[in-house]
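The analysis underlying the following values was restricted to heavy atoms, covering all of them including side chains, and did not include hydrogens, waters or symmetry mates. What you see is a predicted model, and the numbers here were worked out from it, not measured in a lab.
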Amino acid sequence: MKKKRIILIVVLVLIVLLLLWISLYVIADKPRRDAYDHAKSVATKEVGMKAFSDFYMYQGNEGWDVITGTNENGKEVGVWISDEKDKTETIPLSKG
């Protein structure tokens, strides 16, 4: 009986730890998800991007969110969106 109680306690502790880890991950990932959603909306408005393939966050002297995908003409493009200013740059990926 005592062995079953110990196993039950261990299982409950593991479940609580798993739930805490999941909630921490969701909270920590929110800024990236928000930046991705913003980049997606800007790329759709600015370039008419229809399909999205990759998303990157670059932090140099200035922060940039980069989203790549296919525009309405079917060409692969990358859209760089500045974090600090309302500045965007669009570069066809065929140029390297």
Side-chain angles (χ1 to χ4, degrees):
M1 196 64 144
K2 192 171 185 177
K3 192 173 186 178
K4 287 183 181 181
R5 184 178 224 171
I6 291 173
I7 291 173
L8 180 64
I9 290 171
V10 169
V11 168
L12 289 175
V13 167
L14 289 175
I15 289 172
V16 168
L17 288 175
L18 178 65
L19 291 174
L20 286 172
W21 182 83
I22 290 171
S23 66
L24 181 64
Y25 176 79
V26 168
I27 291 168
D29 193 48
K30 187 175 180 347
R32 188 201 58 81
R33 284 192 321 266
D34 291 344
Y36 174 74
D37 292 339
H38 178 258
K40 233 172 116 173
S41 69
V42 169
T44 301
K45 290 176 189 170
E46 297 280 327
V47 184
M49 194 176 282
K50 298 291 182 188
F52 306 95
S53 56
D54 292 311
F55 174 72
Y56 307 97
M57 296 175 79
Y58 171 74
Q59 297 297 321
N61 293 335
E62 186 178 341
W64 291 86
D65 295 330
V66 182
I67 192 161
T68 62
T70 308
N71 65 8
E72 48 195 22
N73 298 330
K75 296 189 179 189
E76 294 258 343
V77 294
V79 180
W80 278 251
I81 302 152
S82 175
D83 286 348
E84 297 175 10
K85 305 171 190 131
D86 289 333
K87 182 169 68 170
T88 62
E89 293 184 27
T90 304
I91 299 175
L93 295 182
S94 62
K95 289 188 175 181

query: Is there a side-chain contact between Arg32 and Phe55, using heavy atoms and a 4.5 Å cut-off?
result: yes

- prompt: Would you call Val42 and Met49 a side-chain contact if the rule is heavy atoms closer than 4.5 Å?
  reply: no

- request: Measure the shortest side-chain to side-chain distance between Val79 and Glu46 over non-hydrogen atoms and say whether it is less than 4.5 angstrom.
  value: no

- request: Indicate yes or no: at least one non-hydrogen side-chain atom of Val11 is less than 4.5 angstrom from one of Ile15.
  value: yes

statement: To the nearest 0.5 Å, atom NZ of Lys30 lies from atom CG of Asp37 at 8.5 Å

statement: For Ile27, the side chain to side chain contact (heavy atoms under 4.5 Å, CB included) test, sequence neighbours excluded, returns none

- request: With side chain to side chain contact (heavy atoms under 4.5 Å, CB included) as the test, would you mind laying out the steps for His38 and Ile67 before giving the verdict?
  value: CA-CA 10 Å; His38 178 258; Ile67 192 161; over 6 Å; no

statement: Applied to residues 62-80, the side-chain hydrogen bond (donor to acceptor under 3.5 Å, both in side chains) test, sequence neighbours excluded, yields Ser53-Thr68, Glu62-Ser82

message: So, taking the atom named CD1 in Ile7 and the one named CG in Leu12, what distance separates them when rounded to the nearest 0.5 Å?
response: 12.0 Å

ILVMFWY cluster, Val16 and Leu8 together (side-chain gap under 4.5 Å): no

- request: Answer yes if Val66 and Val77 sit in the same cluster of Ile, Leu, Val, Met, Phe, Trp and Tyr residues linked by side chain heavy atoms under 4.5 Å apart, and no otherwise.
  value: no

statement: Those residues at least two apart in sequence (or on a different chain) that pass side chain to side chain contact (heavy atoms under 4.5 Å, CB included) with Val10 are Ile6, Leu14

- request: In sequence, state the C-alpha distance, the side-chain angles, and the governing distance for Met57 and Asp83, and then conclude on side chain to side chain contact (heavy atoms under 4.5 Å, CB included).
  value: CA-CA 10 Å; Met57 296 175 79; Asp83 286 348; 5.8 Å; no

field: Single-linkage hydrophobic cluster Ile91~Tyr56, side-chain heavy atoms < 4.5 angstrom
entry: yes

